[in-house]
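Protein chains get the first letters and strands the later ones, always in sequence-line order, with residue 1 at the start of each.
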Protein chains: 2
Amino acid sequence: MEKQIDPRILRTRKLIMDAFIQLSMKKDFKDITIKDITTAATVNRATFYSHFIDKYDLLEKVLSESVMREIIQEVSTHEVINQETIEAIFLSIIKFQSSISNQCRRSYEAFTPQIETIFKKELEAFFSEWAKKQWPNQNKSEIEVFAVMLSWALYGAAMHWMQNQTTQPEDYVKQLMPFIINIENDKTI
Amino acid sequence: MEKQIDPRILRTRKLIMDAFIQLSMKKDFKDITIKDITTAATVNRATFYSHFIDKYDLLEKVLSESVMREIIQEVSTHEVINQETIEAIFLSIIKFQSSISNQCRRSYEAFTPQIETIFKKELEAFFSEWAKKQWPNQNKSEIEVFAVMLSWALYGAAMHWMQNQTTQPEDYVKQLMPFIINIENDKTI
DNA sequence: ACAGCTATATTGTTTAAACAACATATTGAT
DNA sequence: ATCAATATGTTGTTTAAACAATATAGCTGT
């Protein structure tokens, strides 16, 4: 198995993505040109198009591959999904959202729907994978429902906190727990 | 003119050199393998050999291209060669020598002759270039003698300080000035 | 001393990326 | 509104780098 991808492909993808992340710290998304990205990545502009359809495709892939990986790695040390895991993920979402809303400014609103979709999809895959390990006997579709609900619930809560920011995130996340633990109990029969 | 080199060549050279610089901070020069370098640089090992003859060739080029450039850039803002320029260069040599003697440890002694040659050659080219601008009417060979003397004098002084380290480098360099200013005066007729 | 391991160095073939050229958009200043 | 400059995609050709195979040299331990 394991296809063994040409390292040039991996390197070029990384160069482009890293350049994009760096640029998006200084510039608004809408003001970043393909030329900007490829120049910073020391890559030909045509090469960009052999990896990504356009800027939006790049953003999508950066979010799902680069940023989400980082979040998931933060909690990948946890053995089982428990209160701590949930808290860690919640705080990671907040942290990421705050950083892009600072960095991207105007374009932030324009992209929240895309970002939301990617985020929930990634969280769902993550929870689904983990649930499978934790409850191997559980019916497949029930696992999926659990993953969907948890990812939406958590993301929704994070967005809610972002808009209100009444309490400290650490306190806020503790309020969520009773509801989330119920979902978990449903699954453990 | 200006050949316009394929950017892949430049990029690969930079990747290899940067990887080598990073590695030499953690490992002794003699323990760094070509595989180490190429892996860190995300480059095929065979590619290394199309750019450099071997590890020693790489070291030489890193010193003259990468490290010296850094030093020279630090003083490239100076309009004319004066006391400040000399001081800045002297302190840069000290700074660089201290860093490699810490980083390379054992291999440091083995390479000081090569390093010295490269250093003086680069300094000479730098002073020569600058002297040409500063005294355009001056005879070519006299310019060269000036550049040679100044580069040897400065490097020698730096080595002397490195071995004794009696005073602060900032104080030490001030002691050199009377001698160096004399050389300069000789050139201004 | 020699057997097994790893590093070095080289070469022919394949492939990813550079390049140049082109045809559209977009933008922006007059 | 217009014209120049700049950005976006696309394509055919060329080239640098990856790869795999090979031969040799240098350690290291038994």
Side-chain angles (χ1 to χ4, degrees), chain A residues 1-24 26-62 65-66 104-107 110-111 114, chain B residues 1-24 26-62 65-66 104-107 110-111 114:
Chain A
M1 298 295 108
E2 291 301 315
K3 302 226 164 178
Q4 275 296 79
I5 310 160
D6 191 311
R8 281 174 294 183
I9 297 175
L10 298 172
R11 190 183 59 201
T12 300
R13 280 181 67 92
K14 193 175 184 322
L15 284 167
I16 293 173
M17 285 175 149
D18 288 350
F20 174 72
I21 290 169
Q22 288 307 311
L23 279 171
S24 67
K26 312 182 255 195
K27 268 195 187 187
D28 195 11
F29 179 84
K30 74 172 193 330
D31 296 329
I32 299 172
T33 70
I34 309 293
K35 191 88 200 70
D36 288 339
I37 298 165
T38 55
T39 302
T42 61
V43 154
N44 191 275
R45 199 163 55 79
T47 306
F48 176 91
Y49 292 105
S50 63
H51 288 268
F52 306 98
I53 298 162
D54 52 26
K55 221 170 42 166
Y56 306 92
D57 183 42
L58 172 61
L59 174 66
E60 197 178 298
K61 281 165 177 164
V62 164
E65 289 178 34
S66 166
C104 301
R105 306 207 170 281
R106 333 212 86 175
S107 58
F111 286 102
Q114 285 95 314
Chain B
M1 299 294 109
E2 291 302 314
K3 302 227 165 179
Q4 275 296 78
I5 310 159
D6 190 310
R8 281 173 293 183
I9 296 175
L10 298 172
R11 190 183 59 203
T12 300
R13 280 180 67 93
K14 193 175 185 319
L15 284 167
I16 292 173
M17 285 175 151
D18 288 350
F20 174 73
I21 291 168
Q22 288 307 311
L23 279 171
S24 67
K26 312 183 256 196
K27 267 194 186 186
D28 194 11
F29 178 85
K30 74 171 191 334
D31 296 330
I32 298 173
T33 70
I34 309 292
K35 190 89 201 71
D36 289 338
I37 298 166
T38 54
T39 303
T42 61
V43 154
N44 192 277
R45 199 163 55 78
T47 305
F48 176 91
Y49 293 105
S50 62
H51 288 268
F52 306 98
I53 299 162
D54 52 26
K55 221 169 42 164
Y56 305 91
D57 183 43
L58 172 61
L59 174 66
E60 195 178 300
K61 283 166 177 164
V62 164
E65 290 179 34
S66 166
C104 301
R105 307 206 171 281
R106 332 211 88 173
S107 58
F111 287 103
Q114 286 96 315

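- Distance, A:D31 CG to C:dT27 C1': 12 Å, rounded to whole Å.
- Within residues 38-47 of chain A, the residues having any heavy atom under 4.0 Å from DNA chain C are, by residue number, A:T42, A:V43, A:N44, A:A46, A:T47.
- Regarding A:I16, its CD1 atom lies at a distance of 12 Å from the C1' atom of C:dA16, rounded to whole Å.
- Across the protein-nucleic acid pair, B:F48 atom CZ and C:dA7 atom C1' stand 13 Å apart, rounded to whole Å.
- Within the 4.5 Å cutoff, the side chain of B:R11 has heavy atoms near those of the A:R11 side chain.
- Looking at heavy atoms from C-beta onward, B:K61 lies out of side-chain contact with B:H51 at the 4.5 angstrom threshold.
- In this structure, B:R11 atom CZ and D:dA17 atom P are separated by 8 Å, rounded to whole Å.
- When rounded to the nearest whole Å, the span between CG of B:D54 and P of C:dA7 equals 17 Å.
- Of all non-hydrogen atoms in A:L15 and A:A41, the two that sit nearest each other are O-CB, 3.4 Å.
- One can place CD1 of B:I37 at 12 Å from C1' of C:dT8, the figure rounded to the nearest angstrom.
- You'll find the side chain of A:N44 stays beyond 4.5 Å of the side chain of B:P7, heavy atoms only.
- The nearest whole Å value for the distance from the NE2 atom in A:H51 to the C1' atom in C:dA18 is 12 Å.
- The side chain of B:I9 sits closest to D:dA17 out of C:dA16, C:dA18, D:dA17.
- Between B:M17 and B:K14, every side-chain heavy-atom pair lies at or beyond the 4.5 Å cut-off.
- In this structure, B:T38 contributes its side chain and B:K35 its backbone to a donor-acceptor pair below 3.5 Å.
- Distance NZ (B:K35) to C1' (C:dC5): 16 Å, rounded to an integer number of Å.
- Contact annotation: B:T12 side-chain N/O to D:dA17 OP1/OP2 distance is under 4.0 Å.
- Of all heavy-atom pairs spanning A:F52 and A:I16, the tightest one is CE1-CG2, 3.6 Å.
- Of the side-chain N and O atoms in A:Y49, none sit less than 4.0 angstrom from OP1 or OP2 of D:dT10.
- Toward the 5' end of DNA chain D, the nearer of the two residues A:I34 and A:D6, judged by each one's closest nucleotide, is A:I34.
- Contact annotation: side chain of B:R8 to base of C:dA18, donor-acceptor pair absent below 3.5 Å.
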